[in-house]
Amino acid sequence: LSKNRLTDVPSEVCHLVALETINLYHNCIRTIPDSIISLQSLTSLNLSRNQLGSLPACLCGLPLRVLNASNNKLVSLPETIGQLHSLMELDISCNEITALPRHIGRLKALRELNVRRNLLCVLPEDLADLPLVKFDFSCNKVSTIPVCYRKMKHLQSLQLENNPLQSPPAQICIKGKVHIFKYLSIEACRSEKMPDSLYLPVIERLSLSRPTTGSVEDMEQQKKQDSDSGVGSDNGDKRLSATEV
């Protein structure tokens, strides 16, 4: 059904309950009907290059393994995305998505994730728990890669160019995945030690500041006592010398 200038998904399609693959590539579709939930054999769905502003929550009730919704006008993903337990490939590149839903970390079968050319500023830490082999978040607004991403043991391909990355810095990123993961590991160790290094000086300052305040008061009190007794003053010295004489 690709390249047919369709504005809607044909209603007849949703009656073909044995369908395993649907290709709606390069049409003018703006919405996906809820009746698509009847396609309980559907494992591959290509919705790329349409006019979709959102994906219906019912889509997450399908046994999809491959979902391509690239080159649309998506601004978000449904919160129910985590229900796609069989999903292995997700391509939502070239959209206007500003944030990934927190339940994306429940896609335990996901091997390939493409979020290229969106408006992402933050990468969710939950992605570190997924068995990703390919991950493309190039051309976004990401400044920091979470240190927990160093745990992505299955990752073979990492695309991150054209982001304002500060951690790791650009000179590390251009060296490739190995150097990036080394940097993240070092940062993880540093952050684990950071609480101690931050906490101890505060304690030291507190322990020093309190006695200092008390010592000033003690010194003033001692000075007053010394003054009354005549010890340590010029007059006291004269009295003592007079007594001696």
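Fair warning: this is a prediction, and the values are worked out from it, not measured in the lab. Position 1 is the first residue of the sequence; numbering continues from there.
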May I ask you to test the [X]-[Y] pair for a side-chain heavy-atom distance under 4.5 Å?
| X | Y | answer |
| --- | --- | --- |
| C139 | N163 | no |
| S44 | E20 | no |
| R102 | P124 | no |
| I97 | V115 | no |

So, taking the atom named [atom1] in [X] and the one named [atom2] in [Y], what distance separates them when rounded to the nearest 0.5 Å?
| X | Y | atom1 | atom2 | value |
| --- | --- | --- | --- | --- |
| T7 | N27 | OG1 | CG | 9.0 Å |
| L160 | L165 | CG | CG | 6.0 Å |
| L45 | L39 | CG | CG | 9.0 Å |
| I104 | L110 | CD1 | CG | 7.0 Å |
| I145 | S167 | CD1 | OG | 8.0 Å |
| L62 | T43 | CG | OG1 | 10.0 Å |

Provide the closest heavy-atom pair for C60 versus P78 in the form atom of the first, atom of the second, distance.
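Minimum heavy-atom separation between C60 and P78: SG-CG, 3.8 Å.
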[X] side-chain N/O to [Y] backbone N/O, donor-acceptor pair under 3.5 Å:
| X | Y | result |
| --- | --- | --- |
| K153 | R150 | no |
| N50 | L52 | no |
| N23 | L47 | no |
| R111 | A109 | yes |

Does [X] share a hydrophobic cluster with [Y], counting links as ILVMFWY side-chain heavy atoms below 4.5 Å and allowing steps through other members?
| X | Y | value |
| --- | --- | --- |
| F137 | L155 | yes |
| I37 | L84 | yes |
| L59 | L16 | yes |
| I36 | V13 | yes |

According to side-chain hydrogen bond (donor to acceptor under 3.5 Å, both in side chains), who are the partners of [X], at least two apart in sequence or on a separate chain?
| X | result |
| --- | --- |
| S48 | N46 |
| R106 | H103 |
| N114 | none |

Walk me through whether V17 and L19 qualify under side-chain contact (heavy atoms from CB on, under 4.5 Å).
CA-CA 6 Å; V17 295; L19 270 182; over 6 Å; no
Any side chain to side chain donor-acceptor pair (under 3.5 Å) involving residues 79-98? Give me the pairs, sequence neighbours left out, ordered by first then second residue.
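Side chain to side chain donor-acceptor pair (under 3.5 Å) check on residues 79-98 returns D91-S93.
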Any side chain to side chain donor-acceptor pair (under 3.5 Å) involving residues 63-77? Give me the pairs, sequence neighbours left out, ordered by first then second residue.
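The answer is Q51-K73, N68-S70.
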Keeping to residues at least two apart or across chains, list the salt bridge (Lys or Arg N to Asp or Glu O under 4.0 Å) pairs with something in residues 160-188.
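Non-adjacent pairs meeting salt bridge (Lys or Arg N to Asp or Glu O under 4.0 Å): E187-R190.
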Contacts of [X] that satisfy side-chain contact (heavy atoms from CB on, under 4.5 Å) - sequence neighbours left out:
| X | result |
| --- | --- |
| I174 | none |
| S143 | none |
| S35 | C14, P33 |

Hey, mind stepping through I81 and L107 against side-chain contact (heavy atoms from CB on, under 4.5 Å) and telling me if it holds?
CA-CA 8 Å; I81 190 75; L107 300 176; 4.3 Å; yes
For residues 125-136, which side-chain N or O atoms pair as donor and acceptor with protein atoms under 3.5 Å away, sequence neighbours left out?
residue, atom, partner, partner atom, Å
D136, OD1, S138, N, 2.9
D136, OD1, S138, OG, 2.6

Taking ring-ring contact (aromatic ring centres under 6.0 Å, His included) as the cut-off, I'd like each qualifying pair that reaches into residues 43-63, sequence neighbours left out, listed once.
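Listed by first then second residue: nothing to list.
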Would you list the pairs meeting ring-ring contact (aromatic ring centres under 6.0 Å, His included) in which at least one residue belongs to residues 143-188, sequence neighbours left out?
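Sorted pair list comes back empty.
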I92 vs L100, test: side-chain contact (heavy atoms from CB on, under 4.5 Å). Steps then yes/no.
CA-CA 11 Å; I92 48 173; L100 296 176; 4.0 Å; yes
